[in-house]
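Note sheet for the following structure.
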Amino acid sequence: MLNVSVNPITDQAVKLFHDGCLTLSEIEENGILIDLDYCKKQYKALTNKIRKLRKLISKEDVVKTWKRVYGKDFNINSNAQLAYIIFDYYKEPVIKETETGAPAVDKEVLHKLSKKYKFLKYLEKLRKLLKARDTYLKNIIEETSDKGLLHPIFNLHTVVTFRSSSSNPNFQNIPIRDPYVKRVIRRAFIPREGHTFGGIDYGGSEVKIACCYHKDPVMMKYLKGAGDMHRDVAADCYKTTPDMVSKDMRYCGKNKFTFPQFYGDYYRNCAVGLWEAIDDMDLKMTDGTPVKEHLKKEGITCLDDFIEHVRNVEDIFWNKRFKVYAQWKEQWLEDYWKNGYFDMYTGFRCQGVMGKNDVINYPVQGASFHCLLWSLIRLHAWMKENKLKSKIVGQIHDEIVLDMYIPEAKDILLKAKDIMVNEIVKEWKWIIVPLEVDAAFCPPGKSWADKETVFEYIGSKDEVTWSGWLKEYLDGGKVKC
DNA sequence: TCGTTCACGC
DNA sequence: GACGTACGTGAACGAA
């Protein structure tokens, strides 16, 4: 955002960033162990797959047309050429536009057209493989030292909200959602001998920090452990009762309505996302009834009906369910318009020209990261004091990433929990909701691709749970290290 | 060299 | 009543 500056205005804020800077430099120095042999083999394997896919594509009829149009300049990687062939030459109706008004050919568009054009199915796969090879594997290989260590950079001075960023390579956007790409890339990150690789993270960090600002009593009740917000909202979205909300429906309510709404999205976009998910994910209710069938009975038979319905859901969401949150947003905005700035709880002032959504989101995003940074500094200091073998090796906004010596696991996780949920609320009295921590690490001898939940702490229940391979290890079970 | 588009994360 | 996700890094293309 242009013309916006954020500056520390308290001694604590300055100290947080000084200490953060020093801590992050030591974390960078620690480095992450990389399985270079694997990387090189996988790089070659991907190259082979890419070559085969290119060959398959070259045999499709459309390529003859494409080559006739572009001659030797034919380029399968050119979005401009692809858009021309699909929307001008084949006269497909435009599905979505880019910012400049050109027809978009992103993965959503490709996927919709891939039923009709087989070469687009291949192209979807090709883009995925190219991304994995050229953005991730290539840089991991290039940046890894002779000792097999990777040292990503963590910056505190680049982001307008005073979050952090990472580069060379960016350690904060390693694939995790697509199961295939996740495995291909994360398999490269391995623990040191006798260690386990993984992370400890804050659960629902931004929702909780937002709640500290708006103090909405309904939200507060949810966060203190009464009821399930995402299930209740999903019930509204799909016009049913909470007990009929399946796991997939809850997921959609959370990721296609609630979070977008918190970030400032509006009902039309949300409705389209929720509607398309019904078919894409084959949504069914807990009794097995397909969601589409159910909506039909409720009188919703097309997208337009559904948009109208979601408009009503949005109204309930902000004007009934979370009305104090909505009032806070208005007041916070008004104060910004009057003063020309606002302050984060953590002592940073944001001033300059900001849009509505920026004013609401910046203080949450910034302060949320500052909680992680505060905890990171203390955990790192404690590990140094006690001369632990384990190393903190990175940070991903609300997660501390460690290469952890397995015999130290229990002490570290309990200490991290103590810092992240107990010590921090003593220093920052503005944190008025219980915090949550969970940890996921790979079993001995495995890689980051195999991380599994081993520890959870639910603040509202004041309850610690050990699970997975670590529970077996701690119980004296079969896990070998 | 730089703006645009795409794709990955929280 | 109109308007409307936030924050990043990095690759590739293609016009300047």
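Just so we're on the same page: letters track the sequence lines, and every chain starts at 1. Remember, predicted model here, so these are calculated numbers, not experimental data. Both backbone and side-chain heavy atoms feed into the values below; hydrogens, waters and symmetry mates do not.
Contact check, A/S164 against C/dG8: no side-chain N or O comes under 4.0 Å of OP1 or OP2. Of the side-chain N and O atoms in A/N139, none sit less than 4.0 angstrom from OP1 or OP2 of C/dT9. Between A/N77 and C/dA11 there is no side-chain N or O to OP1 or OP2 distance below 4.0 Å. The phosphate of C/dC7 has OP1 or OP2 within less than 4.0 Å of a side-chain N or O from A/Y362. At C/dT9, one or more side-chain N or O atoms of A/S165 fall inside 4.0 Å of OP1 or OP2 (strictly under the cut-off).
Each ring-ring contact (aromatic ring centres under 6.0 Å, His included) pair with one or both residues in residues 75-97 of chain A, not counting sequence neighbours, appears once here: A/Y90-A/Y117.
Atom CG of A/L333 is separated from atom P of C/dA2 by 20 Å (rounded to the nearest Å). Atom CG in A/D265 sits about 11 Å away from atom P in C/dG4, given to the nearest Å. Between the C1' atom of C/dG14 and the CG atom of A/L82 lies a distance of 15 Å, rounded to the nearest Å. In this structure, A/F369 atom CZ and C/dC7 atom C1' are separated by 12 Å, rounded to whole Å. Put simply, OH on A/Y84 is 15 Å from P on C/dG14, counting in whole angstrom units. If you take OH of A/Y266 and P of C/dG1, they are 17 Å apart, rounded to a whole angstrom. Atoms CG (A/D134) and P (C/dC13) sit 10 Å apart, rounded to a whole Å. What separates CZ of A/F257 from P of C/dG4 is a distance of 18 Å, to the nearest Å.
The pair A/E108-A/K96 counts as a salt bridge, with a side-chain nitrogen and a carboxylate oxygen less than 4.0 angstrom apart. Note on A/R321 versus A/D236: salt bridge recorded, some NZ/NE/NH1/NH2 to OD/OE distance being below 4.0 Å.
Rounded to a whole angstrom, the distance from the P atom of B/dC10 to that of C/dG4 is 28 Å.
The residue A/S166 sits close only to the backbone: its heavy atoms come under 4.0 Å of sugar-phosphate atoms, none of a base.
Taking the six-membered ring where tryptophan is involved, the planes of A/W328 and A/Y213 are tilted, since the angle between them lies from 30° to 60°. Ring pair A/W332/A/F342 is tilted by interplanar angle, where 30° to 60° counts as tilted.
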Next item on the list: Could you give me the CA-CA distance, side-chain angles and deciding distance for A/F119 and A/V63, then say whether side chain to side chain contact (heavy atoms under 4.5 Å, CB included) is met?
Entry: CA-CA 9 Å; A/F119 85 103; A/V63 175; 5.6 Å; no
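No donor-acceptor contact under 3.5 angstrom links the side chains of A/E436 and A/S205, judged on distance only.
When every heavy atom of A/I209 is checked against every heavy atom of A/S368, the shortest pair comes out as CG1-CA, 3.9 Å.
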Check: Under a cut-off of 3.5 Å for both distances of each Watson-Crick or G-U pair, what dot-bracket string does DNA chain C give, using [ ] for crossing pairs and | for inter-strand pairs?
Finding: ......|||||||||.
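Without hydrogens or angle criteria, A/N339 side chain to A/D335 main chain gives a donor-acceptor distance under 3.5 Å.
We find the CD-CG distance between A/Q327 and A/N319 to be 9.5 Å, quoted to the nearest 0.5 Å.
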Check: Going 5' to 3' along nucleotides 4-10 of chain B, which nucleotides have protein heavy atoms under 4.0 Å from the base (write B), which only from the sugar-phosphate (write S), and which from neither (write -)?
Finding: SSSBBBB
